Number of protein chains: 2
Amino acid sequence: MILKSQVEWALHCCAILAGLPEGRYLSTKALAEFHGLPKEYLSKALQSLSQAGLVHTTLGPSGGYRLARTPAELTFLDIVEAVEGKARTFVCNNIRENNPCRPQGYCESSPCAVSRFMWEADEAWRAKLRSVRLSDLTEALAQEIPAELWKSSFEWVLERAG
Amino acid sequence: MILKSQVEWALHCCAILAGLPEGRYLSTKALAEFHGLPKEYLSKALQSLSQAGLVHTTLGPSGGYRLARTPAELTFLDIVEAVEGKARTFVCNNIRENNPCRPQGYCESSPCAVSRFMWEADEAWRAKLRSVRLSDLTEALAQEIPAELWKSSFEWVLERAG
DNA sequence: TTATTAAGGATATAAAATATCCCTATTCCA
DNA sequence: TGGAATAGGGATATTTTATATCCTTAATAA
Ligand code: SF4
Ligand code: SF4
């Protein structure tokens, strides 16, 4: 069970978009080039963000993406779920209904304890992701990335932002 | 990102094995029949449990599996990791090294903030799984499964246990 | 001796992730 | 006003993973 790489891409792209000045947009092309990613496929991840309402888009030259909310109002969970989906990571195949001792016509009313415990763990994962804001990420990155690289990256992006 | 169905199978099988009297073994065949699962493939999941040291096995007629520890000493995490592996669910592809502004020869020392936050969430998931013991599961199942079905299932298993 | 079992290697099939291609409508700009 | 650049989305191809089956071997109980 491994998250799609699009999750990482989306998080990095949002981190970049978080540094974009008000009202400006950054294209798929620029984001793909900056991260060294396949443009067409990254585009699918960005479309997921768009469909989830996390980013705004415009068309035409100088078009692209910008965040739909402030970085403090965007959580990791928003981004992860936009790309990976909201489905729980444990799916119940209801194998208990194959129990040969099960009475005819007997119908289980609710998910069994196995799924409940697994879903609690799933929820713990989501709760943690929900507690991390995009602004937390950008603050942490600003701390750990060398000031010069941080600055030149910002300039690189601004040159290409529409 | 969805857990393999073998995870559910392994949890249900362990729940059954937890009810087995001391010193007795239950075969793949019986476990597969009880849960309505493909015997050969379920066997792979049970082999994973065996390799992880969670169950003991014996060969020959009346051979099969029994728990290697008491249900109170076995956690959900033990079982999930035995089947699904211990690898983290977020893998870092180090795309930051594609940053065009990155100085030549510059080498990132440690994983960036993105992976750290994602790994914290992963750890929250594991911590929750670690906190649930197999005995918690059997207690919950004993509560929610009708007494009669619980009893007949136990008898069904005992008839086939070596 | 014979039947039965776990273990594990080899292989086949189905599903999901990854990736590319192409067409459309929109928008900017020369 | 026309051409270039953009997001969106459908179709398709490739690669990887999950699912499933088959077969051989060694151990064991009866
Ligand atoms: S997890 Fe529970 S509800 Fe889901 S299949 Fe297993 S027994 Fe049924
Ligand atoms: S998550 Fe961090 S360490 Fe991993 S690739 Fe992205 S930037 Fe690099």
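The figures that follow rest on heavy atoms only: side chains count, while hydrogens, waters and symmetry mates do not. Letters A, B, ... are given to chains in the order of the sequence lines, protein chains preceding strands, and every chain is numbered from 1. Keep in mind it's a predicted model, so treat the numbers as computed, not measured.
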Pull out every residue in [range] that has a heavy atom closer than 4.0 Å to any atom of DNA chain C, ordered by number, or say none.
{"range": "residues 34-50 of chain B", "value": "B:Lys44, B:Gln47, B:Ser50"}
{"range": "residues 3-15 of chain A", "value": "A:Lys4, A:Ser5, A:Trp9"}
{"range": "residues 87-95 of chain A", "value": "none"}
{"range": "residues 74-83 of chain B", "value": "none"}

>> Would you compute the distance between atom CH2 of B:Trp156 and atom CG of A:Asn99 and round it to the nearest 0.5 angstrom?
In response: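 One gets 8.0 Å once the value is rounded to the nearest 0.5 Å.
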> For the atom pair SG (A:Cys101) and CZ (B:Phe34), what is the distance rounded to the nearest 0.5 Å?
Replying inline: 5.5 Å
> Does the salt bridge (Lys or Arg N to Asp or Glu O under 4.0 Å) test come out yes or no for B:Lys151 and B:Glu155, once each step is laid out?
Replying inline: CA-CA 6 Å; B:Lys151 184 165 164 286; B:Glu155 286 164 0; 3.3 Å; yes
> Do A:Leu59 and A:Leu26 share a hydrophobic cluster (ILVMFWY, side-chain heavy atoms under 4.5 Å, transitive)?
Replying inline: no
>> Once you apply a heavy-atom cut-off of 4.0 Å, does A:Gly64 come out as touching a base, just sugar-phosphate, or nothing?
In response: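 Here A:Gly64 touches the backbone only, sparing every base.
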>> Please classify the nucleic acid contact of A:Tyr65 as base, sugar-phosphate, or nothing, using heavy-atom distances under 4.0 Å.
In response: sugar-phosphate
Is a donor on one side and an acceptor on the other found under 3.5 Å between the side chain of [X] and the backbone of [Y]?
{"X": "A:Asp78", "Y": "A:Thr75", "value": "yes"}
{"X": "B:Glu144", "Y": "A:Ala113", "value": "yes"}
{"X": "B:Ser153", "Y": "B:Leu149", "value": "yes"}
{"X": "B:Arg24", "Y": "B:Ala161", "value": "yes"}

Mind calculating the distance between [atom1] ([X]) and [atom2] ([N]) to the nearest angstrom?
{"X": "A:Leu59", "N": "C:dC23", "atom1": "CG", "atom2": "C1'", "answer": "14 Å"}
{"X": "A:Ile2", "N": "C:dA17", "atom1": "CD1", "atom2": "P", "answer": "12 Å"}
{"X": "B:Lys29", "N": "C:dA7", "atom1": "NZ", "atom2": "C1'", "answer": "18 Å"}

> Does the side chain of B:Ser152 pick up a donor-acceptor pair with the side chain of B:Glu148 at under 3.5 Å?
Replying inline: no
> Distance only, no hydrogens: is a donor on one side chain within 3.5 Å (strictly under) of an acceptor on the other, for A:Gln47 and A:Ser43?
Replying inline: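 Yes - a donor-acceptor pair under 3.5 Å links their side chains.
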All N/O donor-acceptor pairs, side-chain side in residues 80-90 of chain A, below 3.5 Å, sequence neighbours left out:
{"from": "A:Glu81", "atom 1": "OE1", "to": "A:Lys86", "atom 2": "NZ", "distance (Å)": "3.4"}
{"from": "A:Glu81", "atom 1": "OE2", "to": "A:Arg126", "atom 2": "NE", "distance (Å)": "2.8"}
{"from": "A:Glu84", "atom 1": "OE1", "to": "A:Lys4", "atom 2": "N", "distance (Å)": "3.1"}
{"from": "A:Glu84", "atom 1": "OE2", "to": "B:Met1", "atom 2": "N", "distance (Å)": "2.5"}
{"from": "A:Thr89", "atom 1": "OG1", "to": "A:Asp122", "atom 2": "OD1", "distance (Å)": "2.5"}

> When the ring planes of B:Phe117 and A:Phe76 are compared, do they come out parallel, tilted or perpendicular, using 30° and 60° as the limits?
Replying inline: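 B:Phe117 and A:Phe76: perpendicular rings.
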> Under 30°, 30 to 60°, or over 60°: which ring-plane class applies to A:Tyr41 and A:Trp9, parallel, tilted or perpendicular?
Replying inline: perpendicular
> Does B:Glu33 pair with B:Lys29 as a salt bridge, N-O distance under 4.0 Å?
Replying inline: no
> Can you pull the contact range of chain A along DNA chain D, 5' to 3', using atoms under 4.0 angstrom from its heavy atoms?
Replying inline: D:dA4 to D:dA18
>> What verdict does the salt bridge (Lys or Arg N to Asp or Glu O under 4.0 Å) test give for A:Glu123 and A:Arg130, after you've listed the backbone C-alpha separation in whole Å, the side-chain angles of each residue and the deciding distance to 0.1 Å?
In response: CA-CA 10 Å; A:Glu123 181 48 40; A:Arg130 198 180 291 117; 3.3 Å; yes
